[in-house]
Amino acid sequence: MINGSVFKGLSRISLPECLADVKTPCYVIDEARLISNAEILSSVIERTGCKILLAQKAFSNYNFYPLLSPYLSGTEASGLYEARLGAEEMPGREVHVFCAAYRGDEFEELLKYADHIVFNSVNQLKRFGKTAKERGKSVGLRINPECSTQSDHEIYDPCAKGSRLGVTRDIWDRDMTDSLIGMLDGIHFHTLCEQNSDALEITLRAVEERFGDILPRMKWLNMGGGHHITKEDYNLPLLEKLINHAQEKWNLRVYLEPGEAVALNAGYLVSRVLDIVENGGIKIAILDASAACHMPDVIEMPYTPPLLDGYPPGIKEHSYRLAGPTCLAGDVIGDYSFDRELKTGDYLVFGDMAIYTTCKNNTFNGMPLPDIYRLGADGGFARLTDFGYGDFKIRLGSSE
Ligand SMILES: *Cc1c(COP(=O)(O)O)cnc(C)c1O
């Protein structure tokens, strides 16, 4: 659990001093870690000539877009609002969008923001492709290479049986016409989740087997996200070899659109102990941060997040279950051990909390949205938001 590299960014500040005035729970976004991730990504761009986009669904804290913009090629969006955010907050950079199904009543507005539009089905390509082309957009179709390289997280596997994501080769052969293929500038696949480049190698082989005849007609190939590029054990040379192989063999440009890798280990969730209760010999610390509200992937994925000065249960003398303040019985963050006893008011700092948190949290139980702080590359510490009762209420109705 204790993982030096996850909390490396905190070594340049005095944590007690920074936390003295903060209201917990809060997220802290670490600029130095964002920059070091972005440097790795931009080195891949430089060495291969590929393009790398920020997948905003993982991290869309736009105050940090100016910091990331010089390193990246643009943003990737899951729909209208993210496309608009990318266009407005990272101006002058590419805006790509993929959506499982676009809406007729939004498509015109979407064309204002996005320059690359990726469709998920032949039907959608037929319905919207011509309009997109007429407006000068680069048009792509998502394929499904039917190649699962992950078994433990089926809800994150777009190649799982019966998946709605991407066109399989049998449907392509049944429904694609020459004029539809002629409309395409690119092919998109997204099948990975937190994986190394060996999984990409297997996937690319499946893409080549199934769609190798189509790729020479394309201008670009978008290999999606899920590449754990900024993780310490990631095999970068293999990634670059695969990018080069694709670009040379099919004479196209490769795009990657990682979310997680851009902001990996670049954020913390700071919380405090509100109470300690006991049940069946287990000590349970109730925190002001909730798994269900503030780190939903802990329950959805599920996983146990890294904790500063926390160890796996049983390693140190004092073991606790850490849990949230909501009424949900399963609002449990995980079991940890410490070399000290926990007491009310203690700070607990969770790591790797920039991704799939601030863009995915909620106010279930009337829980406040945690404020977001910037930990500057220079060690400066500043609050970016001022969430309150109004942010809870506005989602539930209107004042009549
Ligand atoms: C989720 C997603 C991404 C980003 O995935 P990460 O695992 O955060 O890298 C990129 N592209 C598409 C189409 C996605 O659905």
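When a ligand or atom number is given, it counts from 1 through the structure's own listing order.
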Check: every ligand 1 N/O to protein N/O pair under 3.5 Å:
| unit_1 | atom_1 | unit_2 | atom_2 | d |
| --- | --- | --- | --- | --- |
| ligand 1 | 7 (O) | Gly226 | N | 3.4 |
| ligand 1 | 8 (O) | Gly259 | N | 3.4 |
| ligand 1 | 8 (O) | Glu260 | N | 2.9 |
| ligand 1 | 8 (O) | Tyr356 | OH | 2.6 |
| ligand 1 | 9 (O) | Gly226 | N | 2.8 |
| ligand 1 | 9 (O) | Gly259 | N | 2.9 |
| ligand 1 | 11 (N) | Glu257 | OE2 | 2.8 |
| ligand 1 | 15 (O) | Lys57 | NZ | 2.7 |

Sequence-distant partners of Glu208, salt bridge (Lys or Arg N to Asp or Glu O under 4.0 Å), two or more places apart
Lys249
Which residues pass the salt bridge (Lys or Arg N to Asp or Glu O under 4.0 Å) test with Arg174, sequence neighbours left out?
none
Given the side-chain rings of His116 and Tyr255, with only the six-membered ring counted for Trp, is the space between their centroids under 6.0 Å?
yes
Side-chain contact, heavy-atom cut-off 4.5 Å: Leu165 with Arg142?
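Of all side-chain heavy-atom pairs linking Arg142 with Leu165, at least one is under 4.5 Å.
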Heavy-atom pair of closest approach, residues Cys293 and Met367
SG-CG, 3.7 Å
Table please: side-chain donor-acceptor pairs of residues 61-68 below 3.5 Å, with sequence neighbours left out.
| unit_1 | atom_1 | unit_2 | atom_2 | d |
| --- | --- | --- | --- | --- |
| Asn61 | OD1 | Thr358 | OG1 | 2.9 |
| Asn61 | ND2 | Thr358 | OG1 | 3.3 |
| Tyr65 | OH | Gln56 | OE1 | 2.7 |

